[in-house]
Amino acid sequence: MPAGNDLLIVGVDDDPKSLVLLKRIVESGGFSFQGVSSGKDLLKLLKTKRPRIILMDIMMPDMNGFETALNVRTHFPDLACAIIYVTARQGEEDLRGGVAAGGNDFVLKPVNREKLMSRIEKWIGRAHTIKTAV
């Protein structure tokens with residue numbers, strides 16, 4: 001596994017307990033983690049940080065996860081990072097909407113550590129080839 005300290009993973013969730021859980025899982029895998037509580041906070045953060053992965057809830061007030069992903073892909077087109085939705089939503093419409101907005105993958109809540117780490121490791125290896133089709 002690559003050295004984690006230079007690989008930032010950002011979590012976006014309006015639920016502080018979810019961010020604590022994501023932080024615990026991500027850091028146990030040797031990666032750096034930073035959590036933000038809204039899509040607007042993520043967009044501000046991306047002006048100064050370049051995460052390799054964004055773990056994003058879909059259901060958030062003001063700007064949902066799909067709108068946030070679309071904003072990331074539109075305003076930061078050179079950002080080569082995977083967007084993994086961490087959500088309880090699993091309908092076919094949600095999957096299509098998530099991909100159309102620029103997301104790359106889904107992990108269902110409640111979050112299983114092994115599944116999340118498997119997705120993170122998969123996308124860390126692909127981060128340099130992620131294409132943004134927005």
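Residue numbers count from 1 along this sequence. Side-chain atoms are counted along with the backbone in the values below, which use heavy atoms only and exclude waters and symmetry mates.
Checking side-chain atoms of Arg52 against main-chain N and O of Ile124 turns up a donor-acceptor pair under 3.5 Å.
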Handout entry: Trace of the side chain to side chain contact (heavy atoms under 4.5 Å, CB included) decision for Gln34 with Leu45
Key = CA-CA 10 Å; Gln34 184 164 349; Leu45 178 75; 3.3 Å; yes
Exercise for the section: Could you please spell out the steps behind the side chain to side chain donor-acceptor pair (under 3.5 Å) verdict for Asp105 and Trp123? Expected result: CA-CA 9 Å; Asp105 210 338; Trp123 288 104; 2.8 Å; yes
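Every residue was checked against the side chain to side chain donor-acceptor pair (under 3.5 Å) condition with Ser118, not counting sequence neighbours, and none meets it. With sequence neighbours excluded, the residues that form a salt bridge (charged side-chain N to carboxylate O under 4.0 Å, His left out) with Glu27 are Lys23. For Leu43, the side-chain contact (heavy atoms from CB on, under 4.5 Å) partners are Met63, Asn71, Val72, Phe76, not counting sequence neighbours. Remark: Asn64 pairs with no residue by the side chain to side chain donor-acceptor pair (under 3.5 Å) rule, at least two apart or across chains. Every residue was checked against the side chain to side chain donor-acceptor pair (under 3.5 Å) condition with Arg50, not counting sequence neighbours, and none meets it.
Each salt bridge (Lys or Arg N to Asp or Glu O under 4.0 Å) pair with one or both residues in residues 10-19, not counting sequence neighbours, appears once here: Asp13-Lys109. A salt bridge (Lys or Arg N to Asp or Glu O under 4.0 Å) check over residues 31-45, counting only residues at least two apart or in different chains, returns nothing. Listed by first and then second residue, the ring-ring contact (aromatic ring centres under 6.0 Å, His included) pairs that reach into residues 93-115 are Tyr85-Phe106, sequence neighbours excluded.
Taking 4.5 Å as the limit, some side-chain heavy atom of Val26 sits within range of a side-chain heavy atom of Leu55. Side chains of Arg73 and Ile83 form a contact here, defined as non-hydrogen atoms less than 4.5 Å apart. Side-chain contact between Ser38 and Thr68 is absent, with no heavy-atom pair separated by less than 4.5 Å.
Summarising the geometry of Val36 relative to Leu19, their closest heavy-atom pair is O-CD1, 3.6 Å, with the distance given to 0.1 Å. Taking each heavy atom of Pro51 and Val10 in turn, the nearest pair found is CB-CG2, 3.6 Å.
Atom CD1 of Ile53 sits about 8.5 Å away from atom CG of Leu116, to the nearest 0.5 Å. Atom CE of Met60 and atom CD of Glu67 lie 9.0 Å apart (nearest 0.5 Å). The structure places CG of Leu42 at 4.5 Å from CD1 of Ile54, a figure rounded to the nearest 0.5 Å.
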